[in-house]
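Shown next, in structure tokens, is the structure this report addresses.
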Amino acid sequence: MVKALPIDLIWRKRVIRSKIVRERWMNDNGLSNVMEIIKRQKWENLFKRRELVHVDAVKEFYAKMSVVHLKKRDVVKSKVRGVDMEFDHEKLATILGVSGKNRICEYIKDVWEESKYTKPLEITRRFANDGNLMAARRVKSEELKPFQRFVHFLVMKNVVPRFGKRDTSSFLDLTYMDHLMSKRLVNLPRVMIRHMM
């Protein structure tokens with residue numbers, strides 16, 4: 001079980017808000033291929049939501065949150081304003097209106113190992129636009145082509161959001177950029193739960 005962070009630490013954190021994706025603007029500005037990625041993943045509803053975010057409730061959720069690891073799933077538990085909450089990736093998929101079935105969920109933190117789908121050196125070479133690299137590494141934003149930068153922004157703000165170091169793609173960013181650009185379907189609800197831990 002992953003325990004909740006101390007409440008004083010949570011209350012000092014800022015809440016990251018995802019970006020609304022406007023399809024017409026994307027198409028008018030030559031970014032229809034980004035919309036293709038979103039549609040292929042069936043994430044359109046997620047990026048069109050405009051509900052208000054109650055920041056204090058989000059902070060309370062994270063302050064009281066714990067994640068229980070079960071056999072084939074993780075269960076998130078919390079309590080907000082006296083209301084118990086519990087969900088797994090399937091319930092989160094229903095809440096968000098996205099699919100999580102038969103999709104990839106790789107979550108890489110500090111060690112980037114080769115897997116069925118992830119070939120770190122190949123990915124680094126492609127996104128750094130340098131076929132001569134000898135080792136996998138993080139890729140700086142200025143090394144990315146314009147479309148790759150937009151996909152990086154999409155990943156960094158909506159798939160695995162974070163503060164800081166936005167000028168460099170982490171191993172996690174590069175992995176999901178590769179999945180999205182290679183047309184592999186991603187289990188976003190499971191990724192989101194892993195990212196909460």
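The basis for the numbers below is simple: all heavy atoms, side chains too, and nothing from hydrogens, waters or symmetry mates.
The side-chain heavy atoms of H152 and L144, taken from C-beta on, include a pair separated by under 4.5 Å. Residues W43 and L180 form a side-chain contact, since some pair of their non-hydrogen atoms from C-beta on lies under 4.5 Å apart. For the pair M85 and M65, the minimum side-chain heavy-atom distance is 4.5 Å or more. Proximity of N129 to Q148: side-chain heavy atoms (C-beta onward) are separated by under 4.5 Å at one or more points. By the 4.5 Å heavy-atom criterion applied to side chains, D173 and V139 are not counted as neighbours. Using a 4.5 Å heavy-atom threshold, the side chains of T118 and L174 count as separate. Within the 4.5 Å cutoff, the side chain of N33 has no heavy atoms near those of the F150 side chain.
For the ring-ring contact (aromatic ring centres under 6.0 Å, His included) test, no residue two or more places apart in sequence or in another chain qualifies with H89. Legend: residues meeting side-chain contact (heavy atoms from CB on, under 4.5 Å) with K119, ordered by chain and number and at least two apart, are E114, E122.
Judged by a 6.0 Å distance limit and a 45° cone about the ring axis, R184 is not positioned over the six-membered ring of Y117.
Under the 4.0 Å criterion applied to side-chain N and carboxylate O atoms, D178 and R126 are assigned as salt-bridge partners. Salt bridge D130/R125: absent, no basic N to carboxylate O contact under 4.0 Å. Under 4.0 Å is where a charged nitrogen must lie from a carboxylate oxygen, and between E143 and R137 at least one such pair does.
Under the side-chain contact (heavy atoms from CB on, under 4.5 Å) test applied with R194, the options V67, N187, D74 reduce to a single match, D74.
Here the straight-line distance linking atom CG of D88 with atom CD1 of I193 works out to 6.5 Å at 0.5 Å rounding. With rounding to the nearest 0.5 angstrom, the CG atom of L188 is 14.5 Å from the NZ atom of K42. Here the CE atom belonging to M134 is positioned 12.5 Å from the OG1 atom belonging to T124, to the nearest 0.5 angstrom. In this structure, OG in S141 is found 11.0 Å from CZ in F153, a value given to the nearest 0.5 Å.
The salt bridge (Lys or Arg N to Asp or Glu O under 4.0 Å) contacts involving residues 76-86 comprise E60-R81, K77-E86, K79-D84, where partners must be two or more places apart or lie in separate chains.
By the rule that hydrophobic residues join a cluster once side-chain heavy atoms approach within less than 4.5 Å of another member, F147 and I123 end up as members of one cluster. Note on M177: it does not cluster hydrophobically with L133, by side-chain heavy-atom contacts below 4.5 Å among ILVMFWY residues.
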Full working for side-chain contact (heavy atoms from CB on, under 4.5 Å) between F127 and M181 = CA-CA 11 Å; F127 288 115; M181 293 176 74; 3.6 Å; yes
Before giving the answer on side-chain contact (heavy atoms from CB on, under 4.5 Å), spell out for R73 and R190 the whole-Å C-alpha distance, their side-chain angles and the decisive distance to 0.1 Å.
-> CA-CA 8 Å; R73 64 191 186 114; R190 185 166 268 176; 4.1 Å; yes
From CA spacing to verdict: side-chain contact (heavy atoms from CB on, under 4.5 Å), Q41, V186 = CA-CA 7 Å; Q41 296 291 333; V186 172; 3.8 Å; yes
Could you give me the CA-CA distance, side-chain angles and deciding distance for L70 and V68, then say whether side-chain contact (heavy atoms from CB on, under 4.5 Å) is met?
-> CA-CA 6 Å; L70 301 176; V68 180; 4.0 Å; yes
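Taking the six-membered ring where tryptophan is involved, the planes of F61 and F87 are essentially parallel, since the angle between them stays under 30° and well short of 60°.
Not a single donor-acceptor pair under 3.5 Å links the side chain of R40 to the backbone N or O of L185.
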